[in-house]
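Taking it in order: structure first as structure tokens, then the write-up.
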There are 2 protein chains.
Amino acid sequence: MTESAGAAGTGRDAEAVSRFVESFAAQLVEAGMQRMAARVFAALLASDSGAMTSAELGEQLQVSPAAVSGAVRYLAQVHMVSREREPGSRRERYRVHSDQWYEALTNRDAILKRWEQTLREGVDSLGATSPGGQRIAETLAFFEYLEGELTKLMDRWREHRDKTFGRG
Amino acid sequence: MTESAGAAGTGRDAEAVSRFVESFAAQLVEAGMQRMAARVFAALLASDSGAMTSAELGEQLQVSPAAVSGAVRYLAQVHMVSREREPGSRRERYRVHSDQWYEALTNRDAILKRWEQTLREGVDSLGATSPGGQRIAETLAFFEYLEGELTKLMDRWREHRDKTFGRG
DNA sequence: CGTTGTCTTCAGAAATTTGTGAAGTTAAGG
DNA sequence: CCTTAACTTCACAAATTTCTGAAGACAACG
């Protein structure tokens, strides 16, 4: 864990940070996230304070302000970062929360709801007694079950986390 | 639920089926799945027997055999369909199982494992005591917790499903 | 062992997505 | 108010993804 050239005095090994950011982002991309959004999110996750300005992000990731803007808009929409206006400044900071994954999963819940609606319509229009309708109904039942269980699971996680990491 | 022209005698409203297939596929695409894979999967889900041949899929979705081939290869890789050789024929059938989502989630588990590995490396190289390292460690803890809970959740689902739908 | 039906692979065309530079908008600070 | 820093929007270029037609491979059937 020695510091690479260029990171002198920062207390952080910029190269190690970048390596982590790029590998984790790549995996998020593989899972379906937009590339730039994934890179921004990973950079925030690895940052000291959990928050960075547009300029900082642009410099670390070597991209234009426009790219940062687009990525941040997406991440805010899916509740994976929040925006903060620095009081007495025209800069904005983008932040990951410690209960970030709680937020993200909660949002996932809304998506599940839309899926369920589509599945319900499918059951209706194919007929609940047709073989296809039955298969879709079982899928629907699974999602409904999952939705309820995920809520409980997240509650348990928060409790578990507080015990493990202290109120954070 | 009247039959549209062209579906006469099939006992299925082709237009209604297609409408469901395309809406559900669109939502899967939104969630990150490849378009053609999503359409094939939705078509199988809505089919009578839960299985279709390449030719049937090509005709219903109006795409080439090559496109079906690519989609099916992907779906098989992520365990969302299985392939069956029809005995005494050179045709293959592609099938969705009733415990399809169990399979899919189990596969998701493998992805989680890879994420965890990357996060562990991140904690190591940033240092477990650095602020960024701590944040990543908390993310790692969440995924580890999630992994264990998902396993239990899926077991409970199977039990719940058997009670609700009878042994499937 | 040749014929034929079925699936796969591959090169390339088409469509989509992604990121940039430049112009536009907003609000802080003088 | 005027200036200016910071973010956003937009049109376009580049890269990537997706699908097709054609050729190839494989296995069933005669």
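As the structure is a computational prediction, the values presented were derived from the model and not from experiment. The chains referred to below are lettered A, B, ... by the order of the sequence lines, with proteins before strands, and numbering in each begins at 1.
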* Contact list for DNA chain C against residues 17-32 of chain B - heavy-atom distance below 4.0 Å -> none
* Asked: Considering residues at least two apart in sequence or located in another chain, which fulfil the side chain to side chain contact (heavy atoms under 4.5 Å, CB included) criterion with B:T106?
  -> B:Y102
* To do: Starting at atom CD of A:E56, determine the distance to atom C1' of D:dC7, rounded to an integer number of angstrom.
  => 15 Å
* Got a sec, which residues hit ring-ring contact (aromatic ring centres under 6.0 Å, His included) with A:F24, two or more places apart in sequence or on another chain? -> A:F20, B:W115
* To do: Report the distance from atom CG of B:L57 to atom C1' of D:dC19, rounded to the nearest whole Å.
  => 16 Å
* Structure fact -> Between B:R83 and A:A37, the residue closer to the 5' end of DNA chain C by nearest nucleotide is B:R83
* If you look at every strand shown and take non-hydrogen atoms under 4.0 Å, does B:S54 touch a base, only sugar-phosphate, or nothing? -> sugar-phosphate
* Quick check: does any side chain N or O of B:R135 sit under 3.5 Å from a backbone N or O of B:S130, one acting as donor and the other as acceptor? -> no
* DNA chain C: 5'-most and 3'-most nucleotides touching chain A, 4.0 angstrom heavy-atom criterion -> C:dG19 to C:dG29
* **Whole-Å gap separating P (D:dA6) and CZ (A:R91)** => 5 Å
* Measure from OH on B:Y74 to P on D:dT17 and round the result to the nearest Å. => 13 Å
* Under 4.0 Å protein heavy-atom contact, by nucleotide of nucleotides 20-30 of chain D - B base, S sugar-phosphate only -> BB------BS-
* Asked: Who passes side chain to side chain contact (heavy atoms under 4.5 Å, CB included) against B:Q34, sequence neighbours left out?
  -> B:A37, B:Y74
* **Residues forming a side chain to side chain donor-acceptor pair (under 3.5 Å) with B:R90, sequence neighbours excluded** => none
* Criterion salt bridge (Lys or Arg N to Asp or Glu O under 4.0 Å) on A:R120 and A:E144, from CA distance to verdict -> CA-CA 11 Å; A:R120 258 180 226 111; A:E144 286 172 341; 3.0 Å; yes
* Mind checking what makes side chain to side chain donor-acceptor pair (under 3.5 Å) contact with B:R158, not counting sequence neighbours? -> none
* To do: Applying side chain to side chain contact (heavy atoms under 4.5 Å, CB included), name anything that partners B:V63, two or more places apart in sequence or on another chain.
  => B:M36, B:R39, B:L61, B:A67, B:V68
* **salt bridge (Lys or Arg N to Asp or Glu O under 4.0 Å) partners of B:E59, counting only residues at least two apart** => none
* Would you please name every residue forming a side chain to side chain contact (heavy atoms under 4.5 Å, CB included) with A:H97, sequence neighbours left out? => A:S82, A:R95, A:D99, A:Q100
* To do: Kindly state each residue pair satisfying salt bridge (charged side-chain N to carboxylate O under 4.0 Å, His left out) with at least one member in residues 61-82 of chain A, sequence neighbours excluded.
  => none
